[in-house]
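These numbers come from the heavy atoms of this one structure, side chains and all, not from hydrogens, waters or symmetry mates.
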Amino acid sequence: ADIQSKRTGGIIVETLDDANVPTRFHDILIESNVITTVRNQGIVAAGNRVNMSDYPNTTAWHARKATQVIIRGNTISDVTKNALILRLADSTGLVEHNVCFNTATLDTGNTMFTASCDGSVFQYNEGYSNNATARDGSLYDADLRSTGIIFQYSYSHDNGHGLFWQYPSSSGPNSNIIVRYNVSRNDRGNIFAFSGDAGGASTSLIHNNVVYLPPGSTNLIIDARSGNHTYTFANNIFYLEGQGVGYDTAGHAATVDSNVFYGAHPATEPSDARKITADPKLVSPGSGGIGLSTLAGYQLQSGSPCIKTGATMYVPSPGPYDLFGNSISLSSGLDIGVHQSSYLPPGSGPSFATLFLGQTADSDADGDGVAALIEYLLGGSTNGNDMAKLPQPVYQGNTLSLTVVERVNDPKITTVGEVCGDLTSWSSSGVSRSLDPDQTGVPAGFARATYAASVGSASKSFIRIRVNLAP
């Protein structure tokens with residue numbers, strides 16, 4: 001009975017009896033624990049053995065609600081069902097920076113879910129290797145009687161299903177659920193699933209997420225399993241290399257606007273009056289490993305069609321930051337995807353010709369030894385010494401690299417890293433460019449990037465950045 005009622009696991013917080021005296025929890029902190037190899041759940045807070053089915057903001061719910069519940073920085077693995085359950089929490093509930101993997105090893109179950117919660121926030125969590133198959137198996141689940149829940153800034157990958165599962169109860173709708181600024185990579189099942197009890201209803205806003213599926217994928221991106229669901233998909237990027245993917249929105253009130261559908265285009269692809277089908281120009285789509293720090297490949301490159309083309313009418317409050325900590329201001333335009341870039345829309349940015357009037361690419365008006373085009377790339381000028389802005393090579397672990405703060409708001413400027421062993425036979429083969437996940441202190445219109453190449457144990461190796469200016 002305890003297993004069926006989800007009362008066994010690593011850490012369980014619950015009220016045993018409040019029949020005579022109203023009893024609830026306040027100020028719970030579950031932090032920095034390692035929980036592994038347990039039957040049923042990793043963490044459950046805060047349950048109630050008398051009744052866990054109160055609908056949010058009713059009198060009974062207020063008598064039982066848990067306040068200031070924080071579950072942070074835990075590692076949960078090898079659990080037979082769910083990694084983490086939040087119950088009866090209000091808007092002070094916070095679940096963040098947890099890593100959960102190898103879950104649902106014996107029973108089906110989503111990695112994290114809410115029940116009878118209102119306004120709680122889940123963020124900066126990672127979930128992978130959920131083993132559920134037929135149902136559940138997602139990173140997040142807004143389960144029975146969930147209202148106002150926010151799932152944001154998180155990373156779902158290699159799970160039995162996908163990023164989000166919606167499951168309302170017939171006793172009241174799951175209303176105003178928000179799913180934003182998350183990455184789903186290589187998830188194997190239904191990325192966004194909508195089901196529920198008979199008569200259950202929900203409303204969801206799903207915006208500014210990135211879904212990447214590799215070749216050979218046969219997933220349903222949206223799965224209308226059951227229930228009376230109303231949802232909006234806006235400003236998401238669906239980067240689909242698997243030709244067997246599909247969508248099912250049958251019977252649901254779906255609004256789909258200003259999304260990128262790139263790669264596979266099944267017949268079931270939903271109608272979107274402002275859809276973009278061009279390459280979104282992600283830095284490295286499909287990249288990523290263990291940890292949110294591996295997601296820089298889902299940032300936008302200069303010239304991306306996603307820049308400042310996001311719909312704002314559905315997201316009057318998109319959140320203060322994107323996945324990478326960049327500030328969001330609707331007044332300056334909203335990008336599509338998880339990266340709010342500092343780039344200007346293609347064709348509207350500065351140019352070498354206007355900022356360096358009368359100069360040629362290789363001129364050196366100030367005599368500092370730095371060509372004008374390089375000064376433009378590095379944010380320098382033609383009337384000062386810009387030698388200090390030049391990047392210095394670093395050799396470490398057989399890798400030679402250059403890290404530079406470079407202009408990214410002019411689509412006519414392109415760069416490529418090159419290496420050689422003799423200062424003559426330069427080649428870009430094997431040279432990578434990656435954006436630093438931390439862009440703190442970098443001016444608007446610029447980005448900190450690293451060019452790197454493995455050079456082995458060669459006696460001499462050189463690296464450079466070649467800059468090209470289109471007409």
Practice task
Evaluate the salt bridge (charged side-chain N to carboxylate O under 4.0 Å, His left out) criterion for residues Asp118 and Arg145: first the C-alpha distance (whole Å), next the side-chain angles of each, then the deciding distance (0.1 Å), finally the verdict.
Solution key: CA-CA 9 Å; Asp118 176 61; Arg145 298 167 299 279; over 6 Å; no
Problem - No-hydrogen, no-angle side-chain donor-acceptor test under 3.5 Å, Asp187 and Ser156 - result: yes
Exercise for the section: Would you kindly say whether Ser461 and Tyr395 are connected by a side-chain donor-acceptor distance under 3.5 Å? Expected result: no
Practice task
Please lay out, stage by stage, how Leu295 and Leu323 fare under the test side chain to side chain contact (heavy atoms under 4.5 Å, CB included).
Solution key: CA-CA 9 Å; Leu295 297 180; Leu323 177 61; 4.0 Å; yes
Exercise for the section: Give a yes or no on whether a salt bridge exists between Arg185 and Asp158, defined as a side-chain N under 4.0 angstrom from a carboxylate O. Expected result: yes
Problem - Short side-chain to backbone donor-acceptor contact, Ser204 and Tyr231, under 3.5 Å - result: no
Handout entry: Donor + acceptor pair across side chains of Asn186, Tyr128 (<3.5 Å)
Key = no
Practice task
Give the intermediate values and the outcome of side chain to side chain contact (heavy atoms under 4.5 Å, CB included) for residues Ile276 and Tyr262.
Solution key: CA-CA 8 Å; Ile276 294 173; Tyr262 182 70; over 6 Å; no
Handout entry: Donor-acceptor pair between Thr147 and Ser175 side chains, under 3.5 angstrom
Key = no
Practice task
Go through the steps to decide whether Ile70 and Ile28 satisfy the test side chain to side chain contact (heavy atoms under 4.5 Å, CB included), and finish with yes or no.
Solution key: CA-CA 6 Å; Ile70 298 176; Ile28 298 172; over 6 Å; no
Exercise for the section: Taking the side chain as every heavy atom from C-beta outward, state whether Asn125 and Leu84 have any atom pair closer than 4.5 Å. Expected result: no
Exercise for the section: Please determine, by modelled atom types, if Ser146 and Thr114 share a side-chain donor-acceptor pair under 3.5 angstrom. Expected result: yes
Handout entry: Donor + acceptor pair across side chains of Asn102, Asn131 (<3.5 Å)
Key = yes
Practice task
Find the distance between OG1 (Thr103) and CG (Asp78) and round it off to the nearest 0.5 Å.
Solution key: 9.5 Å
Exercise for the section: From the options Arg24, Arg87, Arg64, select the one residue that forms a salt bridge (Lys or Arg N to Asp or Glu O under 4.0 Å) with Asp54. Expected result: Arg64
Exercise for the section: Indicate whether any N or O donor in one side chain lies under 3.5 Å from an N or O acceptor in the other, for Ser169 and Ser171. Expected result: yes
Exercise for the section: Establish, from distance only, whether the side-chain atoms of Thr67 and His26 form a donor-acceptor pair under 3.5 Å. Expected result: yes
Exercise for the section: Using a 4.5 Å cut-off on heavy atoms from C-beta on, say whether the side chain of Tyr153 contacts that of Tyr321. Expected result: yes
Exercise for the section: Compute the centroid of each ring, for Phe164 and then for Tyr140, and state whether the two points are separated by less than 6.0 Å. Expected result: no
Problem - Flag side-chain contact, heavy atom, 4.5 Å: Pro318 against Asn208 - result: no
Practice task
Taking the six-membered ring for Trp and the full ring for Phe, Tyr or His, determine whether the centres of Tyr167 and Phe113 are under 6.0 Å apart.
Solution key: no
